[in-house]
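To keep things clear, I will list the structure first and then write my remarks on it.
Values reported hereafter were calculated over all heavy atoms of this structure, with side chains retained and with hydrogens, waters and symmetry mates removed. Numbers restart at 1 for each chain; the letters A, B, ... are given by sequence-line order, proteins then strands.
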Amino acid sequence: MNVWNWLAVGGAAVLALVVVAEIRRRTGARASGRRFFRHPTAAPAVFVLAFFVTVALAAPLVTPYQPYFQIDIARLANHPPSTQNPLGTDPLSRDVWSRLVYGARISLGIGAIAMLVAVTTGVVVGGVAGYFRRWVDATLMRLVDVGLAMPRMFMLLMVVALWEHVPLAVLVLLIGLTGWFGTSRLVRAEVLSVREREFVAAARALGAEPGRVIFRHVLPNAAAPIIVSAALGIGNVMLLEAGLSFLGLGVPSPAPSWGNMIADGFPKMAVAPWCATFPGLAISLVVMALNAVGDALRDALDPRKETA
Amino acid sequence: MTEPLLRVRDLKTYFVTEHGSGTARAVDGVSFDLHAGETLGLVGESGCGKTVTSLSVLRLIPEPPGHIRPGSFIEFAGRNLLTLAPRELRAIRGNQIAMIFQEPMTSLNPVFTVGYQIAEAAIVHQRLSRRAARTRAIEMLKLVGIPDPAQGVDHYPHQMSGGMRQRVMIAMALVCHPKVLIADEPTTALDVTIQAQILELLERLQAELGMAIMLITHDLGVVAGSADRVVVMYAGQVVEQAPTPELFARPLHPYTEGLLASVPRLDAPPARARGRLHGIPGQVPAASDWPGGCRFHPRCPYAWDRCRDEEPPLLDAGAGEPGTHTVRCWLLTEPQRRTARAPLP
Amino acid sequence: MTSSAAALVDVQGLVKHFPGERGAFGLGRPRAVVRAVDDVSFAIASGQTLGLVGESGCGKSTVGRTILRLIEPDAGRVAIDGVNVLTLGGRELRALRRRMQIVFQDPYGSLNPRLTVRQTLAEPLAIHHLAAGADAGRRIAALLEEVGLDPGFAKSYAHELSGGQRQRVGIARALSVEPQFLVLDEPVSALDVSVQAQVLNLLADLQQRRRLTYLFIAHDLAVVKHVADHVAVMYLGKIVERAPGPQLYAAPRHPYTTSLLSAVPVPDPKAQRPRIVLTGDVPSPAQPPPGCPFHPRCPHPKKDARCRTEPPALREVAPGQLAACHYAEEPL
Amino acid sequence: MAAWLVRRLAASIAIVWAVVTLTFLIVHLAHGSPCGQPDGLPVSPAICADLTRRFGLDKPISTQYYKYLGALLHGDLGWSIALQRPVAAALAEALPNTFALALTALILDFALGVALGVYQAARERRFGDIALGNVALFVNSMPTFWLVLCPQVHAFSCVADFAWHLTLPALTLGLVGAAGTARYQRAAMLEVVRQDFVRTARAKGLRERRVLLRHALRNALLPLITLFGLTFPFLLTGAVLVETVFAWPGMGRLAVTAILQRDYPIVTAAALVASVMVVLGNLLADALYGVADPRIRVRAT
């Protein structure tokens, strides 16, 4: 790793700090913003996320090698961390740091996109069920019951293993489409409770049509728990992806994802522990940050504290 | 006059506000006495500090964010409750001083039978056996007028109506025959016909058991019917204090006067029944931002320079013995400034 | 005053039964029907106030909401200025909503916490195409001033306002479409007494200035006495007594009205009033007692088997005064 | 009560049927066959054709489906292609192992989780709470299989006895679970201690211990029942990764191996077991609510 790479990493860290400070400044005027940052882990968590996102976006700047590049299979395989290879090299003499950074693109991307798919589906299904109630609700919720009765991991394994060569995009879609059942229940419960509130009755009394009632009055007030569950859900998806990759059924191998980096390093644990340790640490750190942000958001967006 | 049972002096209970930047002086230098066997009414609108005062007596303020300032003094049976060790304080809670609360639904634990909840204080304080405790619980249910107490003892709170639950709360509070009962808005959540039942019950129990009652309420009607003496609170302070007939006949503080003029009255003569109410303009300020000088001056129709600059002490209104009727208002020094009130804008 | 010609609002035989829970798929037979509103009739003359009183669960709020069709009634007729509200289709109903509005009890729940005061007040103007842009701004400022708020509050969110200020915003929202008829559903019961007085005065002013007709729903008899021209008392989904205000308060004919009046505490320690303390609780509206619904708690000395079996009809017992009691001629 | 039970059972059976059908469809619509897999058995085309015929894989899907359902109704789960033995026998062998693992992990999970959560809530925002909270957050955020890497390297090869083999995976599953349970329990406790009846208990003069462990905890355990209902089936069927890493011969590993080998009957049977477990978990949670929450107990009768 050369001087420029180190500088770029430093720059990413500084940028992440700036992001934290900026978010803090912008939300400081609102009580919810202050409640968020009162959590001791909230600011470090935002920093961790901002740092990993920055590094992932600026991957070519902060890494010395391409993720697939085998530096020197004869002399530089399983090399421990050094100034050249800060996180060591793997059995194929690839730079672990470079793979970790490019892996962040895949792992974070899968987490974010799959969650987006899941949340969108969940909000639509839950919102429709909760607003229209009666047979629409009953039918959709029985569907959700079935979805929840199939262990997610199991379902994914089946689909992925039985269809040969699942492309990454399909994998992401599959993860998302198996993850909305819980969200839809949550949204439905929220919608059911919000639609009984008096401001919704007031809007109807004023002659607002259903669309306006749903999008302006019901959903914005049901958003808090959805946002929280989305933050926690990204972490879950990342762990799921890691698990799938670990079983050899996730992101197809040479592409670096944190999950298959662990899987690749796993057999060499005794010889080159850094291969599996660092990606595992990265996942833990990011998931931990997401969980911390979720916890802080839960407090910050709690509507009971809004009126206090 | 005999020694008071409960003597509160200069009680200050402050709260750290939500973002930790300010201090809400919810109760700010409150003093009053409660005598054995009497009913003391504590009146005021929400945010005036009456509930915090009542919770402070048994040190039930959540800490943090709240704390009772050093220098405050609550004397009961010769001891300062604010400096007691937790163990000694527990021996008084529920045993010598008991409390009932506004919401009989949420104040009862949903997962225990009402019999168990009533008997629990007796089990803890008097080391009653399970069997004796159950018998006691049934006796208490009979005392508070629950039909079929032998069955009711095994019911859960959700199986009862609001009025019945409040009766259970009262039974629970009185199980150890306390000397003082603090009733914090005991009828606010109830319908008027049920409120009448509960007030009558409290009256009867006081005659039978002889405890002193501190009745906290915002309803002047309830105070007029039940209390012997009234303490009026505004902005964390006592602003007027007098025997009930005296206070209603001669309200001296402009706040008390305004409160009385705000309520539409069932006993109003038909000529006065409709028309405008002479209330108080504005609203209670935030506890973190009491106005300087007299705290009521921004809403007071008589305020002049002195009210803005100088905080009045509790002045004696000169009715009967000193201290019988006290008022925190400069008008007592310049009575000619009291003029006819205009109706609210 | 039943369906008099001058009546702006005319309600006849209003019924709303809430079904109990249903089985899976929303099918199956509903259990224990709750008779929330059971054959309620009244009329309100233009510019007048009808006070609808009763204890919690008596169905008074449901009456208010069914009139506006926020809840669909099961039977009855509601006419506003001769137009039957209950038979209107979606578009016509939306148009009619300009003429009738509602103000709620809980000032904390009745404003959308995500909207500013300006957005809250601009919405009805937009729905009914009454004003937009700068014109809307002017109208919002005028509305705020009319309800006694500084126009500067337009930028505020609900949680930045006190209970009294929110209630004023709620009133401004109802007024924004220039209605003739307002359902006031416990508009002051969540407010402190000093603020309650301010809001009551405001409502009286608005009624005079805009010639509004009020249905004033409340549990506080003293407040209703203060505001209402006519008063209807509800018990278990039925109107048990209806009369001009002064007449009802001076000479109640139904034992429930009498007991209710005697239970209201009066802020005067010297007041010597006969006190009737009713025994027992209000029965569940899912299982109302047979005969007169009030008979299990009734303190009337002549209460007899007839009260237990035969439901009394609401009948005129004095000029202009209706009561549903077999012994209304011999009041308590 | 009886009507309620009947309706619940009917709904449960419908869910299990839907899961089995869905699994059947996924498995049979997928590409590939049980023979000639990279991880499967290398077999000659003749044997493969024979296999295909013997298992009826050449028939239309609908025929296969009705045949399968018919057999299922008679309690016949089918014949494993890869293992060459009845599916029921394979399950019978794997299930006890999984039960042993899950039970140990469950006990550890909830005992430790509840204790930690209560302790944290009692010391809210003090050192003990914050330190434990961060540890729980970290453990809860780690990929399970990664957590076990370190002890695995040293311990696994040398000790072969069942108890020790059980200890590591159970410890892993239990600890990860406990970290989540503790977070949940802490939040539930903090929610409850703010409620009015806790103040009532203090006003009675009860010790703080009694207030927390009797009045607050009884209520704070109620939301945990839902968590229990979700964890129970997860541990029985979803501990796929841990079972694989530790080579624990349980349901999870059986299912993964079967999936990799295209062993349809086992895959479908595993899905059946999984959905039955979920349904059982829900029923168990409802039953527990009925016992623990008097408000529900009365409504149900």
Between A228(C), G57(C), G163(C), who has the most heavy-atom pairs with chain B when the cutoff is under 4.5 Å? A228(C)
For R204(B), look at atom CZ and say whether over 12 heavy atoms of other residues, nucleotides or ligands are found less than 6.0 Å away. yes
Considering non-hydrogen atoms only, spot the tightest contact between E55(C) and D191(B) and give its length. OE2-CB, 3.0 Å
Answer yes or no: are there more than 12 heavy-atom neighbours, outside E208(B) itself, under 6.0 Å from its atom CD? yes
Using a cut-off of under 4.5 Å on heavy-atom pairs, state which of L220(B), L190(B), V192(B), T193(B) scores highest against chain C. T193(B)
Any chance NZ of K303(C) has more than 12 other-residue heavy atoms, nucleotides or ligands included, within less than 6.0 Å? yes
Nearest heavy-atom approach of Q197(B) to G280(C) is NE2-O, 3.0 Å
K225(C) side chain reached by L266(B) side chain, heavy atoms, under 4.5 Å: yes
So do the side chains of Q196(C) and P264(B) get within less than 4.5 Å of each other, counting heavy atoms only? yes
How close do I280(B) and Q198(C) get, heavy atom to heavy atom, and via which atoms? O-NE2, 2.6 Å
With a 4.5 angstrom heavy-atom cut-off, could you sort out which part of A250(C) is near chain B: side chain, backbone, both or neither? neither
Interface moiety of E200(B) toward chain C, non-hydrogen atoms closer than 4.5 Å: both
With chain B, which of I276(C), V195(C), L261(C) has the greatest number of heavy-atom pairs at distances under 4.5 Å? L261(C)
Given P265(C), which partner from the list T187(B), V222(B), V223(B) fulfils the side-chain contact (heavy atoms from CB on, under 4.5 Å) test? V222(B)
Residue pair R299(B), S194(C): steps toward the side chain to side chain contact (heavy atoms under 4.5 Å, CB included) verdict: CA-CA 11 Å; R299(B) 306 178 69 191; S194(C) 69; 3.1 Å; yes
If I compare all heavy atoms of F248(B) with all of P267(C), which pair ends up nearest, and what's the gap? CD2-O, 3.4 Å
Looking at every non-hydrogen atom in both residues, tell me the closest pair between A197(C) and G279(B) and how far apart they are. CB-CA, 4.3 Å
Okay, L247(B) and chain C: the region with an atom under 4.5 Å from a heavy atom over there is neither
Counting neighbours of CD on E160(C) that are heavy atoms of other residues, nucleotides or ligands and sit closer than 6.0 Å, is the number greater than 12? yes
What part of L200(C) is in contact with chain B, defined as an atom under 4.5 angstrom from a non-hydrogen atom: side chain, backbone, both or neither? side chain
Hey, which of V264(C), L260(C), T279(C), V193(C) has the most heavy atom pairs under 4.5 Å with chain B? V193(C)
To the closest 0.5 Å, what do you measure between NE2 (H218(B)) and CG (D192(C))? 7.5 Å
Heavy-atom side-chain contact between H226(C) and R265(B) under 4.5 Å: no
